[in-house]
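Please read these numbers as outputs of a predicted model, since none were measured by experiment. All values below were derived from every heavy atom in this structure, side-chain atoms included, with hydrogens, water molecules and symmetry-related copies excluded.
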Amino acid sequence: MANASDLVMDEEVSYNPQILLKKAHAATSSIGSATVIIAMLEKSGTLKIANVGDCGLRILRKGQVVFSTAPQEHFFDCPYQLSSELIGQTYRDATLCSVELTEGDTIVMGSDGLFDNVFDHEIVSVISKIQNAVEAAKALAELASNHSVDTTFDSPYALEARNMGFDVPWWQRILGKKLTGGKLDDITVIVGQVIRASID
């Protein structure tokens with residue numbers, strides 16, 4: 001992401017998040033792999049998004065989620081990732097989206113640590129109560145962190161796991177138990193608000 005930040009004004013990038021992703025990945029020498037999402041807002045109000053893996057983005061408008069990215073996974077809990085290895089996904093595998101934003105929209109971006117632990121309705125609730133973007137991001141990260149360690153919380157991750165056939169043993173299900181709990185993971189949250197720029 002440091003490389004992406006350094007290259008965002010590169011002439012070749014020209015508000016294309018997939019090209020930015022390509023150049024930033026090529027400039028990265030770290031060993032390992034990671035999911036990634038990049039969103040670039042054009043002056044026209046178009047938000048362009050490139051996403052590899054299970055990071056996510058929600059756009060909230062007038063108290064509702066009006067846009068949501070979908071995760072890319074090979075199978076449950078195994079997301080697409082950019083890697084330092086020759087095998088794996090590349091910028092070409094990114095899901096690309098463009099969304100027209102309007103003044104007053106709120107953009108919530110995050111790692112899977114946010115979206116595995118916090119439901120969309122909870123995101124809407126936090127955003128509706130906290131107008132400051134920085135404070136809203138902190139509140140969402142704290143909520144995700146609290147849910148991630150709550151073994152009784154029926155999290156988005158637990159729901160998805162059960163939908164994919166993962167659950168407690170049959171004898172616990174007979175007793176009325178089910179797989180619950182949050183998912184311990186990294187948690188990154190960015191909140192942005194769309195405002196009209198004043199031209200002096």
Side-chain angles (χ1 to χ4, degrees), residues 1-9 13 15-21 23-25 28 30 33-43 45-72 79-82 91 94-148 155-157 182-197:
M1 294 313 327
N3 288 333
S5 179
D6 291 343
L7 292 164
V8 74
M9 298 308 291
V13 170
Y15 285 100
N16 184 328
Q18 190 175 31
I19 298 301
L20 179 57
L21 185 59
K23 292 177 75 73
H25 187 216
T28 301
S30 300
S33 62
T35 61
V36 63
I37 188 166
I38 294 176
M40 302 178 79
L41 180 59
E42 293 183 325
K43 289 179 183 177
T46 301
L47 185 69
K48 293 183 173 179
I49 306 158
N51 185 32
V52 177
D54 57 2
C55 291
L57 183 146
R58 307 288 188 269
I59 297 173
L60 282 63
R61 183 176 297 150
K62 297 179 181 174
Q64 294 185 6
V65 175
V66 296
F67 175 82
S68 177
T69 57
Q72 294 175 306
Y80 284 22
Q81 296 188 29
L82 295 181
Y91 71 97
T95 297
L96 305 175
C97 310
S98 290
V99 184
E100 296 301 320
L101 299 180
T102 62
E103 188 174 3
D105 286 352
T106 301
I107 303 161
V108 178
M109 295 174 62
S111 63
D112 62 321
L114 171 64
F115 298 107
D116 282 345
N117 290 300
V118 180
F119 288 99
D120 283 356
H121 69 86
E122 293 177 296
I123 293 171
V124 170
S125 177
V126 168
I127 295 299
S128 70
K129 292 175 187 166
I130 303 173
Q131 300 304 310
N132 179 284
V134 172
E135 294 306 314
K138 288 178 184 176
L140 286 170
E142 185 175 346
L143 181 62
S145 179
N146 291 341
H147 283 342
S148 75
S155 68
Y157 181 79
K183 181 186 179 201
L184 282 171
D185 206 343
D186 62 287
I187 299 168
T188 301
V189 183
I190 299 170
V191 174
Q193 296 168 329
V194 179
I195 59 171
R196 186 171 303 282

Derivation of the side chain to side chain donor-acceptor pair (under 3.5 Å) call for Thr46 and Glu100: CA-CA 5 Å; Thr46 301; Glu100 296 301 320; 2.7 Å; yes
Test side-chain contact (heavy atoms from CB on, under 4.5 Å) on Val52 and Leu21; report intermediate values, then the result. CA-CA 10 Å; Val52 177; Leu21 185 59; 3.8 Å; yes
Which is it for Val99 and Ile59 under the side-chain contact (heavy atoms from CB on, under 4.5 Å) test, yes or no, and what are the steps along the way? CA-CA 9 Å; Val99 184; Ile59 297 173; 3.5 Å; yes
Intermediate values then yes/no, side-chain contact (heavy atoms from CB on, under 4.5 Å), Lys138 and Ile130: CA-CA 10 Å; Lys138 288 178 184 176; Ile130 303 173; over 6 Å; no
Applying side-chain contact (heavy atoms from CB on, under 4.5 Å) to Ser98 and Lys48, what does each step give before you reach the verdict? CA-CA 5 Å; Ser98 290; Lys48 293 183 173 179; 3.8 Å; yes
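Of the possible polar contacts, one joining the Ser148 side chain to the Ser145 backbone as a donor-acceptor pair under 3.5 Å is found. Remark: the backbone N or O of Tyr91 is paired with a side-chain donor or acceptor of Gln18 at under 3.5 angstrom. Glu122 places a side-chain N or O within donor-acceptor distance of the main-chain N or O of Phe119, the cut-off being under 3.5 Å. Although no hydrogens or angles enter the test, the distance criterion places no donor-acceptor pair under 3.5 Å between the side chain of Thr69 and the main chain of Gly56. In terms of modelled atom types and a separation under 3.5 Å, the side chain of Asp105 and the main chain of Thr102 share a donor-acceptor contact. Side chain of Ser33 to backbone of Gln81: no donor-acceptor contact under 3.5 angstrom is found.
Taking every heavy atom of both residues into account, Ala4 and Leu20 meet most closely at O-CD1, 3.5 Å. Across all non-hydrogen atoms, the minimal contact from Ser68 to Val65 is CB-CG1, 4.4 Å. Scanning both residues, Ile38 and Met1, for their nearest heavy atoms gives CG1-CE, 4.0 Å. Closest approach of Asn117 and Lys183 over heavy atoms only: OD1-N, 2.7 Å. Of all heavy-atom pairs spanning Tyr15 and Met40, the tightest one is CA-CE, 3.7 Å. Contact record, Ser111 with Asp186: OG-O, 3.2 Å, taken as the closest heavy-atom pair.
How far CD of Glu135 is from CD of Glu142: 10.5 Å, rounded to the nearest 0.5 Å. Interatomic distance, CG of Asp54 versus CG of Asp185, reported as 7.5 Å (0.5 Å rounding). Note that the CG atom of Leu47 and the CG atom of Leu41 stand 6.0 Å from one another [nearest 0.5 Å]. Rounding to the nearest 0.5 angstrom, the gap separating the CD atom in Gln131 from the OG1 atom in Thr106 is 7.5 Å. The distance from the NZ atom of Lys23 to the CD1 atom of Ile19 is 8.5 Å, given to the nearest 0.5 Å. We find the CG-CD1 distance between Asp112 and Ile37 to be 11.5 Å, quoted to the nearest 0.5 Å.
Annotation: cation-pi geometry satisfied between Arg58 and Phe115 (NZ/CZ under 6.0 angstrom from ring centroid, within 45° of ring axis).
Residues Asn3 and Thr28 have side chains that bring a donor and an acceptor to within less than 3.5 angstrom of each other.
Ile49 is not listed as a side-chain neighbour of Thr95, based on a closest heavy-atom distance of 4.5 Å or more.
Here the rule is side chain to side chain contact (heavy atoms under 4.5 Å, CB included) with Val191, and of Ile123, Ile127, Val126, Ile107 only Ile127 fits it.
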